[in-house]
Amino acid sequence: MAKLSLRHIYKVYPSRDKQPSIFKRLLSKNKIVETPKDFVAVKDFNLEIDDGEFVVFVGPSGCGKSTTLRMIAGLEDISAGELYMDDILLNNVDPMNRDMAMVFQSYALYPHLSAYENIAFGLKMRKIDDVVLDKDGNTKSVKRHYTKKEIDEKVNWAANILGIENLLNRKPSEMSGGQCQRVALGRALVRGPKLFLLDEPLSNLDAKLRTSMRSEIVKLHQRLKTTFIYVTHDQVEAMTMGTKIVVMKDGIIQQIDKPTDLFNYPNNIFVAGFIGTPQMNFFDVTIKTLKKTLHVEFNDSSKQSINLDLNKLRPIDSQYLDGNPHQVVLGTRAEHLLLNNKDGIKMNISIFEVLGSTTHLFVRFENDEKEYIVSTMENNVWENGQQINISFDEQKVHLFDKNSGESILGGH
């Protein structure tokens with residue numbers, strides 16, 4: 001059992017240069033020289049992870065996801081806050097005593113050792129608790145190393161689960177990237193930890209191998225029923241693997257949710273734009289309520305407008321329904337923009353990409369450079385510069401406050 005609790009976690013990297021040097025002060029010619037500030041990599045991180053969950057930290061590079069994972073592992077000190085596992089405070093517990101196993105982006109295998117020896121290495125170094133009889137026949141607790149038979153059993157068990165039984169005598173230089181990553185997983189697996197930590201383990205693999213390894217890791221989690229925390233910058237990995245996803249930006253949690261709810265009900269523009277392929281389309285618009293409709297005027301040079309049925313839209317924050325115009329951002333995914341022969345807004349095709357069963361149309365307003373994407377399954381003959389009419393799936397429309405970027409819709 002491994003229930004993890006992160007409470008108000010911060011990670012601060014102090015500035016190396018607390019005061020400007022004399023040289024910098026002289027060059028400033030009596031101007032104000034700012035003192036370098038400490039860098040806050042993770043800010044007020046709060047998360048509860050239940051036993052057996054597969055939690056994914058996702059976000060762009062530099063968002064603090066790997067730093068958070070390393071604080072959980074004990075490889076980074078926690079600047080502030082508390083980390084608990086099964087109600088035991090871990091802040092000052094050494095990494096080796098946290099009962100966690102970590103798989104890194106680089107395989108970190110010993111090149112001179114075989115796959116078997118790499119997997120067994122940690123077991124040979126580790127001591128376990130045991131009970132033996134002394135010369136008087138009394139039991140006493142001791143710490144001992146694993147026997148060769150015990151190591152053999154554990155290594156062969158892990159190799160069988162990962163399908164690498166025939167690779168155990170090979171060295172890393174004789175294996176592919178996917179095979180090396182399986183060996184790295186096996187090394188973590190034999191420890192039987194309470195918690196698996198995976199830091200972008202598939203980043204060095206090609207696209208096809210990443211897809212197959214994704215499913216292998218999910219199957220491994222389902223078989224072990226152990227808590228997994230997985231870090232990635234790839235939102236496709238996050239959506240297909242996690243039971244709970246934590247979206248981060250600039251060290252701050254943006255949203256914690258199930259994959260489907262994250263996709264359908266993003267809290268803000270960042271989450272809406274980060275999750276989903278292709279990226280969500282965002283239109284700058286002015287909205288105004290007119291009886292049972294929402295009048296939407298597009299803030300481009302064409303000044304086109306449409307009316308959306310309020311009964312079909314998700315509930316809108318009441319302050320935007322006062323009959324006055326409000327500047328907001330309308331978001332919609334490519335597959336929720338519909339081709340319409342008569343109604344809707346007029347846009348011109350810039351380019352189109354035929355992707356087999358679907359086609360991506362890159363469209364824009366006339367005299368406007370910003371492009372939007374329409375995903376369609378229609379097998380029409382498209383032409384660059386062709387004018388088309390586009391309407392919106394009203395049940396799938398998202399609205400965000402122009403200034404804060406926060407969603408103004410309810411109905412989660």
Side-chain angles (χ1 to χ4, degrees), residues 1-13 39-93 95 98-104 193-201 217-218 221 224-235 237-268 270-272 274-275 406-407 412:
M1 300 290 287
K3 183 177 180 180
L4 206 66
S5 177
L6 294 91
R7 305 175 187 176
H8 305 289
I9 299 292
Y10 285 80
K11 180 59 184 178
V12 181
Y13 293 100
F39 175 65
V40 183
V42 179
K43 306 171 188 176
D44 199 20
F45 191 102
N46 291 278
L47 180 64
E48 298 292 327
I49 301 175
D50 292 328
D51 181 59
E53 282 195 296
F54 195 124
V55 179
V56 180
F57 296 168
V58 66
S61 296
C63 71
K65 55 188 184 295
S66 290
T67 302
T68 305
L69 194 76
R70 290 173 64 84
M71 285 192 286
I72 294 172
L75 303 178
E76 293 275 0
D77 292 332
I78 297 173
S79 302
E82 297 173 329
L83 171 67
Y84 289 90
M85 184 163 71
D86 298 332
D87 298 322
I88 298 173
L89 183 65
L90 296 184
N91 287 46
N92 298 315
V93 176
R98 295 195 179 195
D99 202 5
M100 303 176 186
M102 190 162 182
V103 179
F104 298 91
K194 288 184 176 180
L195 192 66
F196 281 91
L197 307 175
L198 300 97
D199 189 5
E200 304 205 40
I217 292 174
V218 171
H221 170 255
L224 298 177
K225 302 187 185 305
T226 307
T227 307
F228 276 54
I229 303 178
Y230 189 101
V231 163
T232 181
H233 63 274
D234 186 337
Q235 55 93 14
E237 279 185 17
M239 293 291 286
T240 55
M241 298 178 75
T243 57
K244 179 189 290 183
I245 301 177
V246 181
V247 184
M248 297 181 66
K249 178 190 177 188
D250 298 332
I252 300 172
I253 294 176
Q254 301 295 310
Q255 187 170 347
I256 303 171
D257 231 323
K258 297 184 295 185
T260 51
D261 288 343
L262 205 64
F263 183 84
N264 293 320
Y265 309 107
N267 283 348
N268 54 45
F270 174 78
V271 175
F274 191 81
I275 299 296
E406 298 296 314
S407 175
H412 187 165

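Numbers for residues simply follow the sequence, beginning at 1. Remember, it's a predicted structure, so these values are computed and weren't measured experimentally.
- The shortest side-chain heavy-atom distance between I217 and F228 falls under the 4.5 Å cut-off.
- For the pair D86 (side chain) and K3 (backbone), a donor-acceptor distance under 3.5 Å is present.
- Inspection of the S5 and E48 side chains reveals an N or O donor paired with an N or O acceptor under 3.5 Å.
- A donor atom on one side chain and an acceptor atom on the other are not found under 3.5 Å apart for E200 and Y230.
- By the neighbour-count criterion of 12 heavy atoms within 6.0 Å, atom CG of D77 is sparsely surrounded, having that number or fewer from other residues, nucleotides or ligands.
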Full working for side chain to side chain donor-acceptor pair (under 3.5 Å) between E82 and H8:
CA-CA 7 Å; E82 297 173 329; H8 305 289; over 6 Å; no

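- Taking all atoms of both residues into account, the shortest heavy-atom contact from I9 to V42 is O-CG1, 3.8 Å.
- Remark: the R70 side chain and the T68 side chain contain no N/O donor-acceptor pair separated by less than 3.5 Å.
- A donor atom on one side chain and an acceptor atom on the other are not found under 3.5 Å apart for N267 and S407.
- Between H221 and F54, the ring planes are perpendicular. Angles over 60° get that label, and only those under 30° would be called parallel.
- Judged purely by atom type and a 3.5 angstrom limit, T226 uses its side chain to pair as donor or acceptor with the backbone of L224.
- Remark: the backbone N or O of D257 is not paired with any side-chain donor or acceptor of D261 at under 3.5 angstrom.
- Among all heavy-atom pairs drawn from M248 and Q254, the shortest one is C-CG, 4.2 Å.
- Checked by atom type and distance alone, the side chain of N268 pairs as donor or acceptor with a backbone atom of V271 at under 3.5 Å.
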